[in-house]
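The analysis underlying the following values was restricted to heavy atoms, covering all of them including side chains, and did not include hydrogens, waters or symmetry mates. Each chain gets a letter, A, B and so on, in the order its sequence line appears, and its residues count up from 1.
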Protein chains: 2
Amino acid sequence: MDTRLIEKASGAIADKYRLQILVTLSEKGSMNSSDIQEMTGLSQPCVSHHVKTLIDSGLVNAQKEGRNLNISLNKEAIKDLSGFLTKLT
Amino acid sequence: MDTRLIEKASGAIADKYRLQILVTLSEKGSMNSSDIQEMTGLSQPCVSHHVKTLIDSGLVNAQKEGRNLNISLNKEAIKDLSGFLTKLT
DNA sequence: ACAAAACATCCAAACTTTTAAATGTATAGA
DNA sequence: TCTATACATTTAAAAGTTTGGATGTTTTGT
């Protein structure tokens with residue numbers, strides 16, 4: 001994992017709503033954008049933007065199922081980031 | 001480590017220069033602001049700002065020694081962040 | 001006491017991120 | 001086919017971040 005990826009992944013975590021999404025994904029396994037909209041109270045375009053940011057960061061995987069976009073944690077990416085941090089210590 | 005701290009620590013990592021500082025600290029142990037200025041080519045006020053951000057995030061420790069401000073990794077904080085991420089998986 | 005070095009603070013410009021309204025596209029169900 | 005639902009995109013405003021010049025403070029060495 002190069003530093004540009006670390007920077008991107010860290011940036012994805014560095015937001016209250018996206019962090020909430022990640023934590024909820026870790027508990028629930030998967031969510032779609034409507035679930036997130038309900039959970040956060042954010043507008044639909046805003047949720048769409050945050051979901052895109054998370055997908056682009058590599059921290060979550062996305063799977064289209066009909067009209068819904070289901071996202072789930074990319075555990076490998078999270079482990080990679082965690083491993084990078086551990087190596088700093 | 002509550003989510004506000006995770007958010008802050010992640011935000012501190014999510015910058016090219018601050019990440020470079022963290023990596024260099026992990027290699028060299030400690031640095032002062034002049035070292036960082038030389039390494040990055042950034043202006044002194046800009047370095048001062050980044051150093052402050054890192055200190056505020058809790059990821060680095062600071063120690064005034066005369067005119068110099070020596071910073072070093074707060075390994076516990078980094079391990080905490082890493083542990084938080086691992087728990088998500 | 002003076003000059004230089006190291007860092008902090010203030011300020012403003014440039015840039016990026018966050019947010020939502022309006023609108024567009026695709027799918028599911030009647 | 002029509003309607004409703006789910007999500008994406010465009011656009012623009014508001015807020016936040018990054019950056020460096022100017023200036024202030026503290027400490028060190030002469």
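What separates NZ of A/Lys16 from P of D/dA15 is a distance of 15 Å, to the nearest Å. For the pair A/Asp56 CG and C/dT17 C1', the interatomic distance rounds to 14 Å; values are reported in whole Å. Atom pair A/Gln37:CD and D/dT5:P shows a separation of 13 Å (rounding to whole Å applied). Atom CD1 of B/Ile71 and atom P of C/dA6 are 16 Å apart (whole Å). The interatomic distance linking B/Lys64 (NZ) with D/dT28 (C1') rounds to 12 Å, in whole Å. Distance A/Ile36 CD1 to D/dA8 C1': 14 Å, rounded to the nearest Å. One atom, CG of B/Asp35, and another, P of C/dA5, lie 16 Å apart when rounded to the nearest Å. D/dT18 atom C1' lies 18 Å from atom CD1 of B/Ile13, rounded to whole Å.
The side chain of A/Pro45 approaches C/dA20 more closely than any other nucleotide in the set D/dC7, D/dA22, C/dA20. Closest to the side chain of A/Ser43, out of C/dT19, D/dT18, C/dA20, is C/dA20. The B/Leu69 side chain lies nearest to C/dA8 when the options are C/dT9, D/dT18, C/dA8. Set against C/dA20, D/dG20, D/dA6, the side chain of B/Leu42 has D/dG20 as its closest nucleotide.
As judged by a 4.0 angstrom heavy-atom cut-off over every strand, A/Ser33 is placed among residues touching the sugar-phosphate backbone only.
Between C/dT19 and A/His50, a contact under 4.0 Å exists linking OP1 or OP2 to a side-chain N or O. Between A/Asn68 and D/dT5, a side-chain N or O to OP1/OP2 separation shorter than 4.0 Å is absent. Residue B/Arg67 has no polar side-chain atom (N or O) positioned under 4.0 Å from OP1 or OP2 of C/dA8. Listed pair A/Ser48 / D/dT9 fails the phosphate criterion, with no side-chain N or O lying under 4.0 Å from OP1 or OP2.
The 5' end of DNA chain C is approached more closely, in terms of each residue's nearest nucleotide, by A/Tyr17 than by the other of A/Tyr17 and A/Glu65.
A/Asn74 is not listed as a side-chain neighbour of A/Leu59, based on a closest heavy-atom distance of 4.5 Å or more.
For the atom pair CD1 of B/Ile36 and SG of B/Cys46, the computed distance is 11.0 Å after rounding to the nearest 0.5 Å. To the nearest 0.5 Å, the span separating CG on B/Leu22 from CD1 on B/Ile78 amounts to 6.0 Å.
Shown here for B/Gly29 and B/Ser72, the closest heavy-atom pair between the two residues is O-CB, 3.4 Å.
For the residue pair A/Ser10/B/Ser10, the side-chain donor-acceptor check at 3.5 Å is not satisfied.
Contact annotation: side chain of A/Gln44 to base of C/dA20, donor-acceptor pair absent below 3.5 Å.
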